[in-house]
2 protein chains.
Amino acid sequence: MENLRSLFQVMTRRFGLLNKNCCSVGGCDISLIQSHILYEIDNQHNPSMQQIADTLGTDITTFSRQVQSLVKMNLVKKMPDPADKRISILSLTAEGKFIAGSIDQQMNSFLQEVFSQMNEFEKETVIRSIHLLNNAMAKSNACCKPIQG
Amino acid sequence: MENLRSLFQVMTRRFGLLNKNCCSVGGCDISLIQSHILYEIDNQHNPSMQQIADTLGTDITTFSRQVQSLVKMNLVKKMPDPADKRISILSLTAEGKFIAGSIDQQMNSFLQEVFSQMNEFEKETVIRSIHLLNNAMAKSNACCKPIQG
DNA sequence: TATTTTTACTTGCAAAATGCAAGTAATATA
DNA sequence: TATATTACTTGCATTTTGCAAGTAAAAATA
């Protein structure tokens, strides 16, 4: 079989570059990591610091400081969990939501453009394939888990 | 259509984590960026500094220093291009080849494990799909190019 | 209930990574 | 021959990183 890794390496590099060049929103410059943090806060339900840090595979101390700067930028809110005061629940401010949404739009329109190179059948196949992959990776226990085993 | 971005975000995050946790080889600790550099040097034909830096989307000054440390670690060799003495051609040393190969093996065996979750038809479909994607991204001019437009 | 352990996070610090500005040397162009 | 461009390197200041060591709250244990 051909080299699977190089296939993935090329794909993720390209997507990574897309992510990297994406997306300053009206003068508000967001780093790659910050955009990932915004994305995860937006997509998880009342996530704690630890949860997001784990998802992103970031050290909690680094993450703590990243969140601090996002709070200063008024994009993220930190609320103590009423049931457990050790935990900080993260959420996006209105401005944070706007930025996250705007990045999402830009990324999606870039992806639309990529998919526009394909016919309808190919599109569907590719999307179904990525679902398959994501499921397989989720099931696999040797790798790809947020927390290193 | 569903949110394409989150589909890709999940996939590339998982593969990125795999890459990140990969791969210390016999006590020789290689950072994520370094493993990418080794990979690209191994896969391009007599690449120059600038070429690899562009491929990886890394600033040339940062890249220059990364290469310096890889040279110190005796993994990479730098040879002046006989035809143009400004250019440095990069190559792997024997040790560098060994390390790069070893990382490649680890990554591939992880990926094999992921694909083992699928049946033969699914496997082929997924692989074909990634090829399709890579081609589409290569053709697209709005995004995904090594050099920011 | 009192004590210990664990969890969730924060801060100190030192090392590494980053990128702009400013350099050098070689080549291409006018 | 003079000028511009290219390919890289170094200086420096900033940012990012992660381990060690802290705090405070909750859970587990005695």
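Residue numbering restarts at 1 for every chain, and letters A, B, ... go by the order of the sequence lines.
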(message) Check this one for me: any side-chain N or O of B/Gln34 less than 4.0 Å away from OP1 or OP2 of C/dA17?
(response) no

(request) Using atom CD1 of B/Ile89 as one end and atom C1' of D/dT6 as the other, report the distance to the nearest whole Å. (result) 14 Å

(message) Counting only side-chain heavy atoms from C-beta out, which of D/dA27, C/dC13, C/dT18 sits nearest to A/Arg65?
(response) C/dC13

(message) Does A/Lys85 have more than 12 heavy atoms from other residues, nucleotides or ligands lying within 6.0 Å of its NZ?
(response) no

(request) Would you kindly compare B/Ile87 and A/Ala83 by the position of their nearest DNA chain D nucleotide and give the one closer to the 5′ end? (result) B/Ile87

(message) If the cut-off is 4.0 Å, is B/Lys78 near the phosphate of D/dT9, judged by side-chain N/O to OP1 or OP2?
(response) yes

(message) Please report the distance, rounded to the nearest Å, between CG in A/Asp84 and P in C/dC9.
(response) 8 Å

(request) Give the intermediate values and the outcome of side chain to side chain contact (heavy atoms under 4.5 Å, CB included) for residues A/Phe110 and B/Met137. (result) CA-CA 10 Å; A/Phe110 283 137; B/Met137 286 205 206; over 6 Å; no

(message) The side chain of B/Ser64 is closest to which nucleotide in this list: D/dT5, C/dG19, D/dT9?
(response) D/dT9

(request) For the side chain of B/Gln66, starting at C-beta, report the closest nucleotide among D/dG18, C/dA26, C/dA17. (result) C/dA17

(request) Report whether B/Ile87 and B/Val71 are members of the same hydrophobic cluster (ILVMFWY, side-chain heavy atoms less than 4.5 Å apart, transitive linking). (result) no

(message) How many whole angstroms separate atom CG of B/Asp59 from atom P of D/dC8?
(response) 13 Å

(request) With the side chain of B/Lys85 defined as its heavy atoms from C-beta on, choose the nearest nucleotide among C/dC9, C/dA26, D/dA26. (result) C/dA26

(request) Measure the distance from CZ on B/Arg86 to P on C/dA28 and round it to the nearest whole Å. (result) 6 Å

(message) In this structure, how many angstroms lie between the C1' atom of C/dT7 and the CG atom of A/Asp54, rounded?
(response) 12 Å

(message) I'd like to check A/Ile30 versus A/Leu75 (side-chain heavy atoms, cut-off strictly below 4.5 Å). Are they in contact?
(response) yes

(message) If you assign each of A/Ile33 and B/Ser88 to its closest nucleotide in DNA chain D, which residue comes earlier from the 5' end?
(response) B/Ser88

(request) Write down the distance between CD1 (A/Ile30) and C1' (D/dT16), rounded to a whole number of angstrom. (result) 16 Å

(message) Rounded to whole Å, please give me the gap between CD1 in B/Ile60 and C1' in D/dT10.
(response) 13 Å

(message) OP1 or OP2 of C/dA17 versus the side-chain N and O atoms of B/Thr62: is any pair under 4.0 Å?
(response) no

(message) Side-chain N or O of B/Gln68 versus OP1/OP2 of D/dC8: is the shortest distance under 4.0 Å?
(response) no

(request) Nearest whole angstrom, please: distance from the C1' of D/dT6 to the CZ of B/Phe63. (result) 17 Å

(message) If you compare every side-chain N and O of B/Thr61 against the phosphate oxygens of D/dT9 (OP1, OP2), does one of them come in below 4.0 Å?
(response) no

(message) Can you tell me how far apart CG (B/Asn43) and CG (B/Leu38) are? Round to the nearest 0.5 Å.
(response) 11.0 Å

(request) Name the closest nucleotide to the A/Met49 side chain, picking from C/dT27, C/dG19, C/dT10. (result) C/dT10

